[in-house]
Amino acid sequence: MQFIDFKKEHFSHDEETENYFLEISKDEVGYGELSVKQKKEDETLSDTEYTIEDSVEIIKIIVNDPIDIRVNF
C-alpha cells in the first residue's frame, strides 16, 4: 500500500458549505480504494471523519476542519 501525506495548509475553504477540501488527481492515486487517516503531532494516525467525492479524473476529500492527513491508496 502506498500513501501521500498532506498538511492542513493544502486544504481549501468552501465558503458555501463551510467545509475544507483537497483535490487529488487520479493519476497520482490510481483508481482503487482510498482511506484517509488524521496524522497527529506525535506522528501517530487516527480515524477521522471525511467525505470523498469521486469524479472521472479527480478525488475530492472533504473535512470539517483542516487537518494533517495521510491518504492510503
Side-chain angles (χ1 to χ4, degrees):
M1 182 168 282
Q2 297 179 350
F3 64 88
I4 302 174
D5 288 336
F6 294 96
K7 299 238 181 241
K8 57 185 163 191
E9 294 83 19
H10 289 109
F11 284 89
S12 299
H13 186 240
D14 183 339
E15 293 187 20
E16 286 183 29
T17 64
E18 292 300 315
N19 291 324
Y20 293 83
F21 68 93
L22 170 73
E23 294 181 333
I24 308 169
S25 168
K26 283 195 175 177
D27 290 339
E28 288 185 66
V29 296
Y31 293 85
E33 191 104 5
L34 295 180
S35 70
V36 178
K37 298 282 187 180
Q38 181 176 2
K39 192 170 181 186
K40 303 278 187 167
E41 288 182 23
D42 64 359
E43 299 297 317
T44 60
L45 301 173
S46 66
D47 291 335
T48 189
E49 290 188 32
Y50 64 93
T51 304
I52 291 182
E53 291 182 2
D54 190 355
S55 67
V56 175
E57 296 177 7
I58 299 287
I59 298 287
K60 185 176 186 179
I61 299 171
I62 303 166
V63 295
N64 292 332
D65 296 302
I67 55 174
D68 294 345
I69 62 170
R70 174 169 288 174
V71 178
N72 295 297
F73 56 96

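For this chain, numbers begin at 1 and follow the sequence in order. Everything numeric here is computed off the predicted structure, so don't read it as measured data. Hydrogens, waters and symmetry mates are skipped; everything else that's a heavy atom, side chains included, is used.
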- prompt: Within a reach of under 6.0 Å around CD of E15, are more than 12 heavy atoms found that belong to other residues, nucleotides or ligands?
  reply: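 No, not enclosed.
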
Atom CD of E18: over 12 foreign heavy atoms under 6.0 Å | yes

Residue pairs passing the side chain to side chain donor-acceptor pair (under 3.5 Å) test with at least one member in residues 51-69, sequence neighbours excluded, are K26-D54

The remaining residues in the hydrophobic cluster of I52, counting side-chain heavy-atom contacts under 4.5 Å among Ile, Leu, Val, Met, Phe, Trp and Tyr, are I4, F6, F11, Y20, L22, I24, V29, L34, V36, Y50, I59, I61, V63, I67, I69, V71, F73

* Calculate, to the nearest 0.5 Å, the distance between atoms OG1 and CZ belonging to T48 and R70 respectively. =>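 Taking OG1 in T48 and CZ in R70, the distance rounds to 14.5 Å.
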
Rounded to the nearest 0.5 Å, what separates atom CD in E49 from atom CD in Q38?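 Going from CD on E49 over to CD on Q38, the span is 11.0 Å.
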
Which pair of heavy atoms, one from E23 and one from I58, lies closest together, and at what distance?
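In this case the closest contact between E23 and I58 is CB-CG2, 3.7 Å.
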
All heavy atoms of K40 vs all of S46, minimum pair found to be CE-OG, 3.1 Å

